[in-house]
Structures are given as C-alpha cells and as structure tokens.
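Here is the structure we will look at.
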There are 2 protein chains.
Amino acid sequence: MGRRHFVVTNKSISEFRGNPYIADCPTRPLLDRIGDRWTVLIMGILGHGEARFSELRRQIEGISQKMLTQTLRGLERNGLVRRTVYPEVPVRVEYALTDAGRSLLEPLDALQEWAIEHVHDVSAAQKAYDEAH
Amino acid sequence: MGRRHFVVTNKSISEFRGNPYIADCPTRPLLDRIGDRWTVLIMGILGHGEARFSELRRQIEGISQKMLTQTLRGLERNGLVRRTVYPEVPVRVEYALTDAGRSLLEPLDALQEWAIEHVHDVSAAQKAYDEAH
DNA sequence: CGGTATCCCTCTCGATACTG
DNA sequence: CAGTATCGAGAGGGATACCG
C-alpha cells in the first residue's frame with residue numbers, strides 16, 4: 001500500500017504526537033493492527049481468560065481458520081498474546097493475553113465506550129449527510 | 001470484504017461489549033475508520049484548530065488529493081468534522097472538528113499513550129519472535 | 001483553490017484442500 | 001486438534017487527468 005513513500009526522519013517520539021503518520025511513529029502499527037477485522041475481537045475474548053484455538057474459533061462467528069491463525073500470530077509476535085503448546089495427544093494449544101496485551105484492553109475499552117456513547121449521534125449524522133447529498 | 005456474512009441479531013448494546021464483531025456492533029465502524037491510513041492523522045491536525053484543504057494537504061506528507069477528500073468526507077458524514085465553504089474567489093473551505101470529533105481525541109490519545117509506552121516492548125517482542133521463527 | 005473521475009495495482013481476506 | 005498452502009475476488013489507495 002505504498003507506506004514506504006513516507007520519508008524516514010529522526011524526530012523524537014514526542015514529535016510524533018498528533019502526527020502518527022510521520023516515519024516510524026509507534027501509533028501506526030497499532031492502528032493497523034486494531035483496525036483489522038479480528039484483533040480486537042480476539043483480544044476481547046482472551047480478556048476473559050485463556051482459550052484454546054478451537055474455542056476461539058467457535059466463539060468468533062465467521063472467522064476462518066486462516067485468519068484466526070494469522071491474527072493470533074500477529075498478536076504473539078507483538079508480545080500481546082502468549083501461545084502455550086501442551087504436547088498431549090491430541091495436542092492442546094492455549095492462548096492468553098500477556099501483561100502488555102491486558103494493558104491494551106484499557107484504551108480499547110475507552111474507544112468502545114466512545115462508540116457506544118456516540119452511536120446514535122453518528123448514525124443521525126450519517127442519515128442527515130446522506131439526505132443532503 | 002464479506003462483512004455481510006455475519007448474522008444480524010437483536011442483542012442489546014451491552015451484549016456487544018467484548019464482542020465487537022457481532023452484527024452491527026457500534027465499535028466496528030469506528031475501528032474501520034481509525035484503522036484507515038489517514039483519519040487519525042487528519043483529526044490530530046484538526047485538533048489544533050480549523051484548517052483549509054490545502055493546509056491539510058501540505059501538513060500531511062504523502063497524502064493524495066483523492067484520499068484527503070475521501071477521508072474528510074467520511075469524517076464529515078460521521079459528524080466528526082464540519083466543512084465550511086466560504087464563497088469567495090477563489091473559494092475557501094475550512095475544516096474543523098465538531099464536538100463529537102473533539103471528544104474522540106481523548107480515547108485516541110489514550111491509544112497513542114499506550115503505543116508510546118510500549119513501543120520498545122513491542123519491538124523487542126518482534127525481534128525475539130522473528131529470531132525464534 | 002478545491003475538488004471529481006478514471007485507471008490500475010497491491011494487499012487483505014475468504015474458501016478450499018491438505019497435514020503432523 | 002491445530003494448524004499450513006494455495007488460489008482468487010475485491011476493496012483500498014496512488015497516479016493522473018480534468019473541472020467549476
């Protein structure tokens with residue numbers, strides 16, 4: 001998607017504030033991640049406790065095996081989820097939030113609060129906009 | 001992207017908590033919006049005060065005219081940004097956050113705080129993961 | 001100045017089939 | 001059970017050209 005079109009600078013972290021798109025601003029990978037279809041949902045479920053692969057699959061209606069695996073790998077790679085393999089027969093794999101993952105639930109909840117508080121305003125605004133255009 | 005594959009239910013709003021993907025959960029459109037490439041950046045700039053189209057374009061390095069227009073329209077449609085046309089010659093158009101838009105900056109800032117606090121942890125986790133795989 | 005319209009490419013994601 | 005591999009559709013986004 002051409003993200004490399006942006007010039008990489010050496011600005012301090014504080015200069016990224018309010019401008020998440022400059023260079024390697026730390027907010028961008030996070031927004032990419034939570035903007036995807038499944039990350040927030042998976043984290044929400046894991047917020048209630050660890051879960052097996054197939055449990056997650058059952059609880060998240062509509063997710064494909066591929067996307068569940070892929071999203072969990074992404075979360076694991078970012079240190080938000082811990083994957084534990086129990087070498088039983090058949091194998092058992094448990095997924096759980098790390099401390100970092102749990103700490104991310106807080107700002108995520110704040111976002112959800114906002115969405116819930118403003119859902120009517122937003123749909124009213126959409127209706128008004130659509131009627132005017 | 002097949003979002004219509006999900007069954008629409010009549011669950012109350014509170015049941016959406018922790019499960020943003022069921023039906024028309026209000027969190028999903030928000031995550032889609034802030035997950036896109038430009039929305040958060042534009043809102044960050046407008047948080048400092050109103051701005052003209054060309055100002056935004058200059059400040060947001062790398063954005064195309066099309067995406068600036070498209071993102072601003074999306075924000076306007078959701079009631080987060082107000083567009084004001086001054087019929088001068090040449091025409092002047094000012095964009096500003098609405099009250100709702102300003103209120104969204106708070107959870108967004110919380111997210112940014114998290115990202116800044118955890119940027120080192122995350123990149124360390126990525127490094128460790130990549131070396132182990 | 002502040003847009004629209006069009007073309008096209010890339011990347012994401014879903015479906016499907018196969019595996020240790 | 002918990003994956004991996006591969007394919008293909010389609011949406012997002014950039015480049016470019018044109019307009020009131």
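Lettering of chains follows the sequences in order, A, B, ..., and the numbering in each one begins at 1.
Per the geometry, CD belonging to A/Glu94 stands 11 Å off P belonging to D/dG3, to the nearest Å. Atom C1' of nucleotide C/dG2 and atom CG of B/Leu56 are separated by 12 Å, given to the nearest angstrom. Per the geometry, CZ belonging to B/Arg52 stands 9 Å off C1' belonging to C/dG2, to the nearest Å. Atoms CG (B/Asp32) and C1' (D/dG13) sit 16 Å apart, rounded to a whole Å. The distance between atom CH2 of B/Trp38 and atom C1' of D/dG13, rounded to the nearest whole Å, is 9 Å. The distance from atom CG of A/Leu68 to atom C1' of C/dT12 is 16 Å, rounded to the nearest whole Å. Spacing between atom CZ of B/Arg33 and atom P of D/dG13 amounts to 10 Å, rounded to whole angstrom units. Computed from coordinates, the A/Ile60 CD1 to C/dG14 C1' distance equals 15 Å when rounded to whole Å.
Look at B/Asp99 and B/Arg102 and you find a salt bridge, because one of the NZ, NE, NH1 or NH2 atoms lies within 4.0 Å of a carboxylate O, short of that distance.
With contacts defined as side-chain heavy-atom distances shorter than 4.5 Å, the pair B/Leu108/B/Glu106 does not qualify. Contact check for A/Leu68 versus A/Trp38: no side-chain heavy atoms found under the 4.5 Å cut-off. When side chains are defined from C-beta on, B/Arg83 does not count as touching B/Leu72, because their heavy atoms never get closer than 4.5 Å.
In terms of phosphate contacts, A/Ser54 brings a side-chain nitrogen or oxygen within less than 4.0 Å of OP1 or OP2 of D/dA2. Dashed line: the shortest gap from a side-chain N or O of B/Arg83 to OP1 or OP2 of C/dG3 is under 4.0 Å. In terms of phosphate contacts, A/Arg92 brings no side-chain nitrogen or oxygen within less than 4.0 Å of OP1 or OP2 of D/dA2. For C/dT4, the OP1/OP2 oxygens have a side-chain nitrogen or oxygen of B/Arg73 closer than 4.0 Å. Not one side-chain nitrogen or oxygen of A/Arg37 sits closer than 4.0 Å to the OP1 or OP2 atom of C/dT12.
Considering only the side chain of B/Thr69, C/dT4 comes nearest among C/dG2, C/dT4, D/dG3.
Contact annotation for A/Arg57: no contact, since no heavy-atom pair falls under 4.0 Å across all strands. Among the protein residues, A/Tyr95 comes within range of the sugar-phosphate backbone only, with heavy atoms under 4.0 Å from sugar or phosphate atoms but none that close to a base.
Mapping B/Val91 and A/Leu72 onto DNA chain D by nearest heavy atom places A/Leu72 at the nucleotide closer to the 5' end. Between B/Gln65 and A/Lys66, the residue whose closest nucleotide on DNA chain C is further toward the 5' end is B/Gln65.
Proximity of a side-chain donor or acceptor of A/Glu55 to a complementary backbone N or O of A/Arg52 within less than 3.5 Å is detected.
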